[in-house]
Amino acid sequence: MRATSANDLRLWYTRPPHSGAWDEALPIGNGRLGGMIFGGLRTERVQLNEDSVWYGGPRDRNNPDAYSHLEQIRKLILAGRLAEAERLATLTLSGTPESQRHYQTLGDLYVSLDSHSSLPSSYVRGLDLSAAIANVRYVINGAEFTREAFVSAVDQVMVIRFTCNKPGMISMTVRISRDRYYECVVKEPPSGLMMKGHCGGEGGVGFRVLVSALAQGGTTQLLGDNLLVDKADAVTLLVAAATTFRYADPENTCRSWVKAAASKPYEELRRDHIADYRSLFDRVSIRLSDVHDLELDADKGCTPEDLPTDQRLQRVRDGADDPGLISLFFQYGRYLLISSSRPGCLPANLQGIWNKEFRPPWDSKFTININTEMNYWPAETCNLSECHLPLFDLIERMREPGRRTARVMYGCRGFTAHHNTDIWADTAPQDIYLPATYWPMGAAWLCLHLYEHYQFSQDRDFLASVYETMKEAAEFFVDFLIEDSEGRLVTCPSVSPENTYRLPSGETGRLCAGPSMDSQIIHALFTACIRSSEILGTDEGFRERLIEMRERLPKPKIGRYGQIQEWAEDYEEVEPGHRHISHLFALYPGNQILRRQTPELAAAAKVTLQRRLAHGGGHTGWSRAWIINFWARLGEGELAYENVKALLAKSTLPNLFSNHPPFQIDGNFGGTAGIAEMLLQSHAGEIELLPALPRAWRSGEVRGLRARGGFEVDIAWSSGSLSRAVVRSRAGNIARVRYGELVCEFDTVAGCGYELDGELKLCCGQ
C-alpha cells in the first residue's frame with residue numbers, strides 16, 4: 001500500500017462555497033457549540049449553533065382521552081375496521097398539542113475583511129480531521145492570509161484566528177446577528193459584543209453569545225453593534241455561547257469562558273484542543289486500497305488523494321472507485337460524532353448540532369424510530385464509547401415523562417415513548433401522521449443502546465446503574481401486550497414505521513397489531529433484561545416472566561415473495577420500495593437473523609432487500625446507510641460496497657454531509673457504522689474478521705475497532721486475504737475469533753494483546 005498522504009484525513013476545496021451554499025461550508029464543534037465555516041473572501045460567515053437552543057419549554061402533551069378509548073381502538077383493529085380505528089386514534093391518541101419543541105439556529109457571526117479588494121491568486125480551504133481545525137489560505141497581492149477555526153471542548157469557546165505573512169494587513173468589521181429573533185447586541189468593552197435573546201414560547205430558553213477580539217498590533221474599537229479591528233498583524237476571535245437550559249446566568253458564564261481563554265496564548269488554546277480531540281479520534285485508523293492504488297495519470301503519479309474533495313466526489317458519481325474517499329468518509333463520521341456528542345451535552349439530533357433554520361426540517365429533533373439510534377451505531381464499534389453518554393442522559397430524563405405517558409395514555413406501568421422526543425424528553429406522540437405517530441416503541445429501542453454499551457465495555461457497574469431503566473421499558477410491554485387470535489403476544493395499536501399496507505379488499509391501513517419490528521425490538525429488550533438480570537444476580541421472578549413472554553412473541557416469518565414479513569399478516573405493501581426497512585431490525589441492529597445460525601431467515605432478508613432496491617429503495621441517505629449494514633451482516637461484501645458507493649454518489653453533499661434530502665446526519669453515522677461492519681462483526685458470539693470485504697479493498701488495514709466482549713481489534717489484509725490481526729482484551733474474557741471458515745478460541749488476560757496470523761494461528765501475546 002502507498003504511504004499515508006496529508007490529504008488522507010482532510011477535506012479540501014479550491015474555492016469558497018458557490019453563492020454561500022450552506023452545504024459546502026465545513027462543520028466544527030465541541031459537542032455543545034458548533035459552527036459552519038464558509039471561507040468567504042471578503043466576508044467570513046460562521047453559522048452558529050448551541051445544542052440547547054430550542055423553542056419553548058416543557059409541556060404535558062399526553063392526550064387525556066387515550067386510555068378510555070384504547071380498548072375500542074384495539075377491537076376495531078382486530079376486527080379489520082381500519083378506517084374507524086384510524087379516525088378514532090387521530091382524535092384520542094395524538095398529542096395535545098400535536099407537536100413537540102423544535103431546535104433552532106443560534107445565529108451568525110460575520111467578519112467583513114475590509115482590506116480584501118482584489119481577487120486571490122491562490123485559494124484553498126479545508127477541514128483537517130486529524131486536528132479538528134477548519135482552515136483557509138489564500139494570496140492577495142503577494143500577501144498570504146490564513147485562518148484557522150476550531151471549537152475547544154477544553155476551553156468551551158470557538159476560536160477563529162486570522163493571520164498574514166505581512167504586518168498590519170488584518171482589518172475587519174465583526175458583527176453577530178440572528179435575523180430578527182434576538183433582543184439586542186450590546187458592547188462588552190474593551191473589545192467584545194454580546195447578543196442577548198430568548199427562543200420564544202412559554203418556558204423557552206434564554207441565550208447569550210459573546211464574541212471578543214484579541215488583536216496583535218493595530219487598533220480595536222466598538223461602534224454601534226460592530227467590533228472593528230484596523231491594521232492588526234493577527235486577530236483571534238473568541239466566541240462563547242450559553243443558555244438558561246444549563247446555566248442560571250448564561251451571560252456571566254460566557255464572560256468567564258472568554259476571560260479564561262483570553263489568558264492563554266493562541267498556540268496553547270490550539271494545542272490543548274488538539275490533544276483533547278485526538279484522545280478520542282486517534283483510537284481508530286483505517287486504510288483502504290486496491291492493488292493499483294487507482295492512479296489517474298501514471299506519468300504524473302496523480303491519485304485521487306491529490307484532488308479536491310468535491311472533485312473526488314464527482315469521480316465517484318461518474319462511476320470511479322476511490323477507497324481513500326471511503327476511508328475519509330468513515331473518519332469524517334467519527335469526527336462528526338466527536339464534534340456533536342460529548343459527555344454533558346445533548347445527543348446528536350437529526351442534524352448533529354449544525355442547523356441553519358429557525359424551523360428546520362422535521363424540527364431537527366430526536367427522531368427515535370431509526371434516526372437517533374442510527375446516530376449512535378458507530379459509537380461503540382468505532383471506539384467512541386464516551387460519545388454515547390449524551391444519549392444515555394436523555395434516556396434517563398425520559399423516564400419520568402415516559403412513566404406518565406404509559407400511565408395516562410395506556411394504563412401501563414413502566415415508561416414508553418413514541419417516534420420523537422425533544423430537549424425536554426417529551427414522550428407523547430408527535431404529529432398526526434398515521435404511518436408514524438402511533439408507535440409506542442421509542443423508549444424500548446433506545447434502551448437497547450444501554451445494553452450495547454455494556455456488551456462492548458463489560459462494565460458491570462454501568463449495567464447495574466441502567467438495569468432499572470431497561471426493566472421499566474420492558475415493564476411497559478408486560479402490561480401493554482395483548483393476545484391475538486393465535487395466542488401470540490402483540491402490540492396494538494402500532495405501526496410499521498412509516499409504511500402502509502393493502503388488504504385483499506384494496507383498503508389501505510397503517511394501524512395494526514404486532515408489526516414485525518415491534519416483536520423484534522421487544523424480543524431484543526426482553527433478552528437484554530434477562531441477561532442483565534442473570535449477570536447482576538437479581539430479579540429472578542421478573543426474569544422468568546420475561547422468558548415466558550418472549551416465547552409467545554411472534555417470530556420472524558417468511559412471506560409470499562420469500563421475504564421477511566413486515567406485518568403479522570402477509571399484507572401487500574403499498575410502497576415496496578419504501579425508505580424504512582423496519583422488519584429487518586432482527587438482522588441489524590438486532591441479531592435474531594444470523595446468516596449461519598438462521599440461514600432460511602437470512603435468505604429471506606436478502607429477498608427483502610432485493611425487493612426494496614428493485615422498487616427504488618435506498619433513495620434517502622440514512623436508508624442507504626442502513627442497507628450497507630444489512631448487506632454487511634449478510635456477508636455480502638460486493639453488495640455492501642455497491643451501496644457505499646451509492647451513498648457517496650447519490651446521497652452525499654459537497655461537504656460530505658449526508659443528504660436525505662435535505663441534510664440529515666444519520667446517513668454519515670450509519671455509513672461509518674456500515675464500513676466498520678464490513679470489516680469486523682461481533683454480534684453472533686464471536687469476533688469475525690473481514691466478514692464482508694469487497695474486491696475493491698484488496699489491501700488495507702484498520703486499527704482500534706471494538707468488539708463485544710470487551711475487545712479491541714486491529715486487522716491487516718493483502719490481496720484480499722487476512723495477513724494478521726491483533727486482539728486486545730479489556731475484560732479478560734474468552735476470545736472466539738472467526739475468519740471465513742477458520743475459527744480459533746483462546747483465553748485472554750485483561751490488558752493483554754494477542755496476535756494472529758492469516759490462518760488464525762496465535763503468534764504471541766503482547
Side-chain angles (χ1 to χ4, degrees), residues 6 9-11 26-37 44 46 48-51 106 109 111 126-137 146-163 191-192 208-216 233-242 246-247 250 252-285 331-332 334-346 348 352-354 383-387 389-390 704:
L9 287 172
R10 184 166 177 255
L11 286 70
L26 296 172
I28 57 175
N30 69 353
R32 182 187 63 84
L33 179 64
M36 294 292 286
I37 307 297
E44 174 61 276
V46 182
L48 301 171
N49 286 106
E50 203 274 352
D51 69 347
L106 178 59
L109 173 71
V111 182
L127 176 62
D128 181 357
L129 302 186
S130 70
I133 295 177
N135 48 69
V136 184
R137 188 180 303 272
T146 61
R147 298 175 214 161
E148 289 191 332
F150 58 88
V151 189
S152 170
V154 177
D155 292 292
Q156 288 298 309
V157 292
M158 182 182 294
V159 183
I160 311 170
R161 174 81 164 173
F162 298 79
T163 60
S191 57
R208 298 291 185 268
V209 183
L210 174 61
V211 56
S212 182
L214 305 176
Q216 294 172 223
D233 301 331
V235 176
T236 302
L237 298 181
L238 302 176
V239 183
R246 292 191 181 92
Y247 304 100
N252 279 322
T253 299
C254 288
R255 291 187 182 116
S256 66
W257 283 332
V258 167
K259 181 180 179 181
S263 69
K264 299 169 66 171
Y266 173 74
E267 287 304 323
E268 185 178 349
L269 289 169
R270 188 180 191 274
R271 184 173 62 249
D272 290 350
H273 157 70
I274 292 174
D276 168 75
Y277 167 76
R278 285 182 174 167
S279 70
L280 294 167
F281 185 80
D282 285 356
R283 295 172 182 174
V284 173
S285 64
Q331 291 286 38
Y332 188 52
R334 295 183 66 248
Y335 165 82
L336 293 173
L337 189 58
I338 296 168
S339 302
S340 64
S341 186
R342 289 287 199 107
C345 300
L346 289 169
I353 50 174
W354 300 281
N383 216 332
L384 295 174
S385 190
E386 297 93 328
C387 295
L389 300 181

Engineer: Can you measure from CD1 (I160) to CD1 (I37) and round to the nearest 0.5 angstrom?
Structural biologist: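 The CD1 atom of I160 sits 5.0 Å away from the CD1 atom of I37.
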Engineer: When you measure from the side chain of R342 to the backbone N and O of R32, does any donor-acceptor pair fall under 3.5 Å?
Structural biologist: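 Not at all, since once roles are kept as given, no pair shorter than 3.5 Å links the two residues.
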Engineer: Less than 4.5 Å apart, any side-chain heavy atom of V46 and any of M158?
Structural biologist: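 Yes - at least one pair of side-chain heavy atoms lies under 4.5 Å apart.
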Engineer: Can you check whether F281 reaches Q331 side chain to side chain, under 4.5 Å on heavy atoms?
Structural biologist: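 They are in contact (side-chain heavy atoms under 4.5 Å apart), so the answer is yes.
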Engineer: Are the side chain of S130 and the backbone of L9 linked by a donor-acceptor contact shorter than 3.5 Å?
Structural biologist: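 No, because the side chain of S130 does not come within donor-acceptor range (under 3.5 Å) of the backbone of L9.
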Engineer: Is the shortest heavy-atom distance from the side chain of Y335 to the side chain of L127 under 4.5 Å?
Structural biologist: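 Sidechains of L127 and Y335: in contact.
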Engineer: Do side-chain atoms of D51 reach the backbone of L346 as a donor and acceptor pair under 3.5 angstrom?
Structural biologist: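 It does hold such a pair.
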Engineer: Side-chain contact, heavy-atom cut-off 4.5 Å: V157 with V239?
Structural biologist: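 A side-chain contact is absent here, since even the closest heavy-atom pair is not under 4.5 Å.
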Engineer: Check whether any side-chain heavy atom of L11 sits under 4.5 Å from a side-chain heavy atom of L129, and report yes or no.
Structural biologist: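 Contact flag for L11/L129 side chains = yes.
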Engineer: Do V235 and Q216 make a side-chain contact, defined as non-hydrogen atoms from C-beta onward lying under 4.5 Å apart?
Structural biologist: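 A side-chain contact is absent here, since even the closest heavy-atom pair is not under 4.5 Å.
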Engineer: Can you tell me how far the CE atom of M36 sits from the CG atom of L48, to the nearest 0.5 Å?
Structural biologist: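 Reported value, rounded in 0.5 Å steps: 11.5 Å.
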Engineer: Considering only heavy atoms from C-beta outward, does the side chain of S212 approach that of L237 to under 4.5 Å?
Structural biologist: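 The answer is no; the side chains never approach within 4.5 Å.
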Engineer: Is any side-chain heavy atom of P343 closer than 4.5 Å to one of L389?
Structural biologist: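 In short, these two side chains touch, coming nearer than 4.5 Å.
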Engineer: Show your reasoning for whether side-chain hydrogen bond (donor to acceptor under 3.5 Å, both in side chains) applies to R161 and T236.
Structural biologist: CA-CA 4 Å; R161 174 81 164 173; T236 302; 2.8 Å; yes
Engineer: To the closest 0.5 Å, what do you measure between CG (N383) and CG (D282)?
Structural biologist: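 If we round to the nearest 0.5 Å, N383:CG and D282:CG are 11.0 Å apart.
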Engineer: Can you check whether I28's main-chain N or O pairs, donor with acceptor, with W354's side chain at less than 3.5 Å?
Structural biologist: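 Indeed, once roles are kept as given, a pair shorter than 3.5 Å links the two residues.
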Engineer: Where the side chain of H273 meets the backbone of D155, is there a donor-acceptor pair that is under 3.5 Å apart?
Structural biologist: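 Checking the backbone N and O of D155 against the side chain of H273, no donor-acceptor pair under 3.5 Å is found.
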Engineer: Can R270 be said to sit on top of F150's aromatic six-ring, NZ or CZ under 6.0 Å from centre and within 45° of the ring axis?
Structural biologist: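 The answer is no, since R270 fails at least one limit relative to F150.
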Engineer: Between R246 and E50, does at least one N-O distance fall below 4.0 Å, as a salt bridge requires?
Structural biologist: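 Result for this pair is yes, salt bridge flagged.
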Engineer: Supply the atom-to-atom distance R271 CZ to E267 CD, rounded to the nearest 0.5 angstrom.
Structural biologist: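 With rounding to 0.5 Å, CZ (R271) is 7.5 Å from CD (E267).
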Engineer: Side chain to side chain contact (heavy atoms under 4.5 Å, CB included) for L269 and L238? Distances and angles first, verdict last.
Structural biologist: CA-CA 11 Å; L269 289 169; L238 302 176; 4.2 Å; yes
Engineer: Roughly how far apart are D128 CG and I274 CD1, rounded to 0.5 Å?
Structural biologist: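 So the gap between those two atoms works out to 7.5 Å.
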Engineer: Donor-acceptor pair, distance only, cut-off 3.5 Å: does the side chain of S341 make one with the backbone of L337?
Structural biologist: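 Not a single qualifying donor-acceptor pair exists.
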Engineer: Atom CG in N30, atom OG in S152: separation rounded to 0.5 Å?
Structural biologist: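 Going from CG on N30 over to OG on S152, the span is 7.0 Å.
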Engineer: Show the numbers, then the answer: is there a salt bridge (Lys or Arg N to Asp or Glu O under 4.0 Å) between R137 and E148?
Structural biologist: CA-CA 9 Å; R137 188 180 303 272; E148 289 191 332; 5.8 Å; no
